[in-house]
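To keep things clear, I will list the structure first and then write my remarks on it.
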Amino acid sequence: MAASDPRQNLDLVRAVERIAAARRVAAFTGAGVSAESGVPTFRGGEGLWENHPLEEVASIQGWRRDPLRVWRFYEGRRGDLRRIRPNAGHYALAELERRIPEFSLITQNVDGLHILAGSQRVTPLHGDLWRVRCVRCNYAAEDRTHPLPELPPACPVCAAHLRPDIVWFGEAVPLYAEAERLASGADLLLVIGTSGHVYPAAGLVQAGLEAGAFMLEINPEQTALSRYAHLHLRGPSGEILPRLLEQLESLEGQGR
Ligand code: BV8
Ligand code: ZN
């Protein structure tokens with residue numbers, strides 16, 4: 001988003017006015033919001049899935065077929081996370097939550113970077129790389145051990161396999177109802193860094209729109225959701241979100 005581009009600046013002002021006027025904001029993020037932190041996105045260029053066939057490493061079938069292969073994939077991503085930090089976009093979203101009365105953040109990401117950046121009202125739709133759960137009993141916990149002593153790790157309660165506490169393809173999304181309540185209660189939907197391919201997550205945008213929300217999309221590219229956006233800020237979220245916050249602060253500074 002070139003700072004000099006007058007049309008983009010006009011869109012930025014329109015976006016800030018929408019945020020300033022919003023009472024209930026729901027931010028919906030995908031892998032793109034972590035791209036500037038060095039986390040590979042799932043599609044496009046170095047898409048994560050290309051090195052690992054999706055159905056083998058992020059599906060319930062893949063787990064049943066070869067739990068060790070799935071654990072190697074997740075152990076690799078857990079290891080990557082130790083070198084990865086939130087970027088300016090994550091921090092700007094955490095600051096927006098502090099400024100806007102009812103601000104909630106629904107993320108498809110499992111990297112935990114929103115929480116690390118200080119966001120508190122986070123719904124981690126697809127789980128969390130640092131959490132594990134037992135396939136048999138109800139043991140579930142955060143476990144940041146890396147590398148894990150054995151793969152698959154054993155449940156400390158019943159000795160069955162522990163799995164990543166992640167929602168795989170082909171599995172229901174336990175937090176979906178909670179996320180849908182947040183999206184349909186919002187008057188402003190910020191849709192950031194998602195290609196809108198994955199369901200039911202992408203359906204949250206429809207829920208918000210049907211309830212009358214204004215949809216602002218932040219993404220360098222067109223996506224499957226762009227046609228529903230009332231406003232599209234085209235560029236990296238790590239640059240756009242801090243600029244939105246900066247303009248919001250100056251708007252509020254003028255007491256408007
Ligand atoms: C379900 C955890 C039913 C894993 C994830 C055919 C066969 C099988 C299934 C299906 C099928 N068709 C549809 C389905 C359903 C399936 C699905 O949607 N598949 C897709 C691929 C078509 N969905 C499911 O299986 C779901 N469950 O349907 O269950 C059911 C119901 C009841 C009972 C039993 C079963 C479960 C889906 C959850 C899967 N788990 N994550 C893991 O991460 O290891 S999804 C995974 O994809 C991630 O969470 C990721 O977030 C998500 C979506 O991708 P995006 O976040 O959008 O990332 P992507 O790379 O696509 O896009 C990045 C974007 O960022 C781009 O637009 C890019 O332009 C932009 N960008 C880049 N740089 C920046 C940027 N934006 C801003 N700033 C930048 N700097
Ligand atoms: Zn157990």
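One-based numbering, in listed order, for ligands and for the atoms of each. No experiment lies behind these values; they were computed from the predicted model shown. Basis for what follows: all heavy atoms, side chains included, without hydrogens, waters or symmetry-related copies.
When all heavy atoms of Tyr74 and Ala58 are compared, the closest pair comes out as OH-CB, 3.7 Å. Summarising the geometry of Ser34 relative to Asp111, their closest heavy-atom pair is OG-OD2, 2.6 Å, with the distance given to 0.1 Å.
Between Val57 and the options Phe73, Trp63, Phe169, a side chain to side chain contact (heavy atoms under 4.5 Å, CB included) holds for only Phe73.
Of the candidates His197, Arg77, Gln108, it is Arg77 that places a heavy atom closest to atom 43 (O) of ligand 1. For the residues Val198, Val167, Val33, Thr107, the heavy atom positioned nearest atom 40 (N) of ligand 1 is part of Val167. For atom 30 (C) of ligand 1, the choice among Ala172, Ala202, Gly203, Ala201 with the nearest heavy atom turns out to be Ala172. Distances from atom 63 (C) of ligand 1 to the heavy atoms of Gly89, Gly193, Gly238, Gly30 put Gly193 nearest.
Within ligand 1, the atoms closer than 4.0 Å to a non-hydrogen atom of Asn109 are 51 (O), numbered from 1 in the order shown. Ligand 1 places these atoms under 4.0 Å from at least one heavy atom of Tyr74: 4 (C), 42 (C), 44 (O). Listed by number with element, the atoms of ligand 1 under 4.0 Å from a non-hydrogen atom of Ala31 are 55 (P), 56 (O), 58 (O). Atoms of ligand 1 lying under 4.0 Å from any heavy atom of Thr223, numbered from 1 in the order shown and given with element: 67 (O). Taking every heavy atom of Pro236 and a limit of under 4.0 angstrom, the matching atoms of ligand 1 come to 78 (N), 79 (C), 80 (N). Heavy-atom proximity to Val110, at under 4.0 Å, picks out these atoms of ligand 1: 43 (O). Every atom of ligand 1 with a heavy atom of Ile166 under 4.0 Å away is listed here by number and element: 2 (C), 4 (C). Within the listing of ligand 1, atoms 69 (O) sit less than 4.0 angstrom from a heavy atom of Glu221.
Protein N/O/S atoms closer than 2.8 Å to the Zn ion (ligand 2): Cys134 SG, Cys137 SG, Cys155 SG, Cys158 SG.
Residue-to-ligand polar distances keep Phe169 apart from ligand 1: every N/O pair is separated by 3.5 Å or more. Not one N or O of Pro200 is nearer than 3.5 Å to an N or O of ligand 1, by distance alone. In terms of polar-atom proximity, defined here as any N/O pair under 3.5 Å, Pro220 makes no such contact with ligand 1. Considering backbone and side-chain atoms together, Trp168 places no N or O closer than 3.5 Å to any N or O of ligand 1. Taking only nitrogen or oxygen atoms, main chain and side chain alike, Phe73 does not reach within less than 3.5 Å of ligand 1.
One finds the CD1 atom of Ile240 at 13.5 Å from the CG atom of Leu245 (value rounded to the nearest 0.5 Å).
With respect to the salt-bridge test (charged N to carboxylate O, under 4.0 angstrom), the residues Arg78 and Glu75 qualify. Under the 4.0 Å criterion applied to side-chain N and carboxylate O atoms, Arg77 and Asp80 are not assigned as salt-bridge partners.
Asp128 is linked by a salt bridge (Lys or Arg N to Asp or Glu O under 4.0 Å) to nothing, counting only residues two or more places apart in sequence or in another chain. In this structure, the salt bridge (Lys or Arg N to Asp or Glu O under 4.0 Å) partners of Glu249, at least two apart in sequence or on a different chain, are Arg99.
For the pair Asp187 (side chain) and Ala22 (backbone), a donor-acceptor distance under 3.5 Å is absent. Proximity of a side-chain donor or acceptor of Arg133 to a complementary backbone N or O of Asn138 within less than 3.5 Å is not detected. Thr123 places no side-chain N or O within 3.5 Å of a backbone atom of Leu125 that could act as its donor or acceptor partner. A distance-only check finds a donor-acceptor pair linking the side chain of His230 to the backbone of Met215 [under 3.5 Å].
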query: Gln108 and Thr29: side-chain hydrogen bond (donor to acceptor under 3.5 Å, both in side chains), yes or no, with the steps?
result: CA-CA 6 Å; Gln108 299 172 88; Thr29 67; over 6 Å; no
query: Are His232 and Glu217 close enough, and set up right, to give a side-chain hydrogen bond (donor to acceptor under 3.5 Å, both in side chains), and what steps lead you there?
result: CA-CA 5 Å; His232 184 146; Glu217 183 175 35; 3.1 Å; yes
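The part of Ala35 lying near ligand 1 is the side chain, judged by heavy-atom distances below 4.0 Å. Of all the heavy atoms of Thr41, the ones lying under 4.0 Å from any atom of ligand 1 are found in both the backbone and the side chain.
Sorted by first and then second residue, the salt bridge (Lys or Arg N to Asp or Glu O under 4.0 Å) pairs involving residues 151-164 (not counting sequence neighbours) are Arg163-Glu171.
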